[in-house]
There are 2 protein chains.
Amino acid sequence: MTKKPTLHDVAKAAGVSIATVSNVLNKKEKELSEQTRRKVLEAIQRLGYSPNQHARGLKKGKTNLIGFIIPDQNPFFMEILKGIHETCAEYDWQVIVACSEENEVRQNELVDIFISQQVSGIILVPVTSTLAGKDKWSNFPIVLLDREIEDSPFPSVSATNIEGCCQATERLAMNGHQRIGIILASPDISTTVQRRKGYEQALHAHGLRIEPDLITYGGEYGGTQSQINGGYRSTMHLLNLPQPATAIIAINHLLMLGALKAMKEMKVRVPDDVAFIGFDDHPWSEINTPQLTVVSQPAYDMGRQSIHILRALDEDKTARSIKLPMKLIIRESCGTATMM
Amino acid sequence: MTKKPTLHDVAKAAGVSIATVSNVLNKKEKELSEQTRRKVLEAIQRLGYSPNQHARGLKKGKTNLIGFIIPDQNPFFMEILKGIHETCAEYDWQVIVACSEENEVRQNELVDIFISQQVSGIILVPVTSTLAGKDKWSNFPIVLLDREIEDSPFPSVSATNIEGCCQATERLAMNGHQRIGIILASPDISTTVQRRKGYEQALHAHGLRIEPDLITYGGEYGGTQSQINGGYRSTMHLLNLPQPATAIIAINHLLMLGALKAMKEMKVRVPDDVAFIGFDDHPWSEINTPQLTVVSQPAYDMGRQSIHILRALDEDKTARSIKLPMKLIIRESCGTATMM
DNA sequence: TTGAAAGCGATACCAC
DNA sequence: GTGGTATCGCTTTCAA
């Protein structure tokens, strides 16, 4: 591998100046003669030239890189990543992925690192409901994904959490359950707060009391494994109550994993002994026995939309937050409506 | 957000030259007086300075970025990504992830893009057994992950595919099965070839004939969804044979998903009607009924090792390929050994 | 030990 | 239309 050709090499090969080559590369169509254009393009082709992104980045203060900060290895985020990837491919953008493991300090570090690398934008799934650096970063193109923060200067892409969780809870209530337990994630993130709200709304609508014992937190700011464990422990708690829960909702995929593990170990039959609704659809949902009723999030679209917002921000347009609909996918695990 | 401080600003603030600041930033400890060092560090702190990676990259022809090219959204690769991330964090490297969706043209494009972005190295899961660009790229730090290629100038990190699959097949044979079907991925990748070899070795060792009908290919170069579908179709084929398979091995996680779906639809009982062994362990393996026997790959370690190799390459050391052990995790789905 | 100055490769302004 | 050229922020000899 000899040295990579530069603008100079191309210019020499084509018998023009570097400025002209640069123009061919960047200018919109009609500003140069078809002849030089062709000459330059041919030279580029022949030398196998491709622009040095660092030089370009240095000059323009921007790159074709965007940063994506996820809190854990939840497949939900992987699905989002897919949407991000495919949308970026349309614009020749690349994605740097980093994982905060639900650690706020690490998260803030990552944002700083990304900014110092001059990525053109950041997609952030914040680990708390506040963002210490929000003022420092407020002029940088950041879009919040999945979770929102207080007094945010940043647009967000999220799902209809309240409605989604409300629907799930109602379904269980309609099936005759009076003791519906819920396994929430970290108390301090917006999705937890909103899903809890949906849950309480539904209970209220069905004349059921809100029992603190039935509301558990399985997310403990600890990342992937800790959430699975949290889902497990919460389920154990709910099933060992003096009056155990007869239905359980786990509000994310990782918590659901832990919950299913616990129920399996306890040998409770789903939905006969305990009805269950999870979150985030996945091929496993249909394979599992019983098939899992889940609240499905529009992950792929959330990924796409965040890139669109980033592009708008990039072009100095203002961008508004958007909320995408969740969908309750009814399968076997929630049981069937009892006739009353 | 006012303009980011530069070396100049720091130098002025500390009352030294920019070269000195640069030295503080890069030189190993003892080459400058403790006093200037402290002064400079203090100024950096105070201004919140962080170096511009583009300028640095332009100058050094290198970055703290590495590229990771995966073929699909198999959770196996996500686990590897985790190993990569955590190892990179130790060296302040960042990871650009891209997905080829098993498309060779796209893959080669991605390598070129990464090289033109001057990443310091690439971790590639190749989609075929050859690499068209291997000569063009041979001086670039590339490590092949999971899959190997022919006449490779690149070191690789892979698993003991032959042994792993052989063990799985033997287990099934020991359990009395004579018609063991296998669902392979793309015929053209090394893991498929090697796992098939392990399968045939085991059959041979147990005096069983190799039946073309029982050897199916569920991977069709089509990416994530197409592999799930492939696993499904292959299973349908194996179960609808005049003499159906009594045991099935699916050699990756996605194929396994499809296989389980098919078996569920066909209402075959596992392991009573059909014994089953999958690949790549995952929390779901234990949750599933029956619990899944799988060949588990050292994904996390594979991720770590590939970074170590990249670092060795980066320092011009030569690096050797390594092979990490697979492990058969026996659970319920393969049935128990029959006493004969 | 510290500093001046020469680029790294591309962009964009401004002459021609 | 095309071509000089200053410039982006940093690293790295080489002198002082």
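A note on names: the letters A, B, ... follow the listed sequences, proteins ahead of strands, and every chain is numbered from 1.
Of the side-chain N and O atoms in N52(A), none sit less than 4.0 angstrom from OP1 or OP2 of dA10(C). An OP1 or OP2 oxygen of dT1(C) is reached within less than 4.0 angstrom by no side-chain nitrogen or oxygen of T20(B). A sub-4.0 Å separation between OP1 or OP2 of dG1(D) and a side-chain N or O of S33(A) is absent. In terms of phosphate contacts, R56(B) brings no side-chain nitrogen or oxygen within less than 4.0 Å of OP1 or OP2 of dG9(D). Checking the phosphate oxygens (OP1, OP2) of dT11(C), a side-chain nitrogen or oxygen of S22(A) falls inside 4.0 Å.
Rounded to whole angstrom, the span from the NE2 atom of H54(A) across to the P atom of dT7(D) amounts to 24 Å. Summarising the geometry, the separation between CD on Q117(B) and P on dC8(C) is reported as 21 Å, rounded to the nearest angstrom. Between the CG atom of N23(B) and the P atom of dT11(D) there is a distance of 10 Å, given to the nearest Å. Distance, N26(A) CG to dG1(D) P: 18 Å, rounded to whole Å. Note: CG (L25(B)) to P (dG9(D)) measures 15 Å, nearest angstrom. Atom CD in Q35(A) sits about 13 Å away from atom P in dG1(D), given to the nearest Å. Look at NZ on K62(A): it is 15 Å from C1' on dC8(D), rounded to the nearest Å. Rounded to a whole Å, the NE2 atom of H8(A) is 13 Å from the C1' atom of dT11(C).
For the pair V16(A) and A19(B), both in contact range of DNA chain D, the more 5′-proximal nearest nucleotide belongs to V16(A). Mapping I18(B) and K60(B) onto DNA chain C by nearest heavy atom places I18(B) closer to the 5' end of the strand.
Between Q117(B) and N64(A), the side chains place a donor N or O and an acceptor N or O closer than 3.5 Å (distance only, hydrogens not considered). Defined by atom type and a distance below 3.5 Å, a donor-acceptor pair is missing between the side-chain atoms of S120(B) and K62(B).
Among the nucleotides dT2(C), dT11(C), dT11(D), the one closest to the side chain of K59(B) is dT11(D). Taking every side-chain heavy atom of T36(B) into account, dT1(C) is the closest of dG3(C), dT1(C), dC10(D).
Across all strands shown, T6(B) has heavy atoms under 4.0 Å from sugar-phosphate atoms exclusively, and none from any base.
Ion pairing of E42(A) with R46(A) is present here, as a side-chain N (NZ or NE/NH1/NH2) and a carboxylate O approach within less than 4.0 Å. Salt-bridge annotation for R106(B) and E86(A): absent, with no side-chain N of the basic residue lying under 4.0 Å from a carboxylate O of the acidic one.
Interatomic distance, CD1 of I123(B) versus CG of D146(B), reported as 12.5 Å (0.5 Å rounding).
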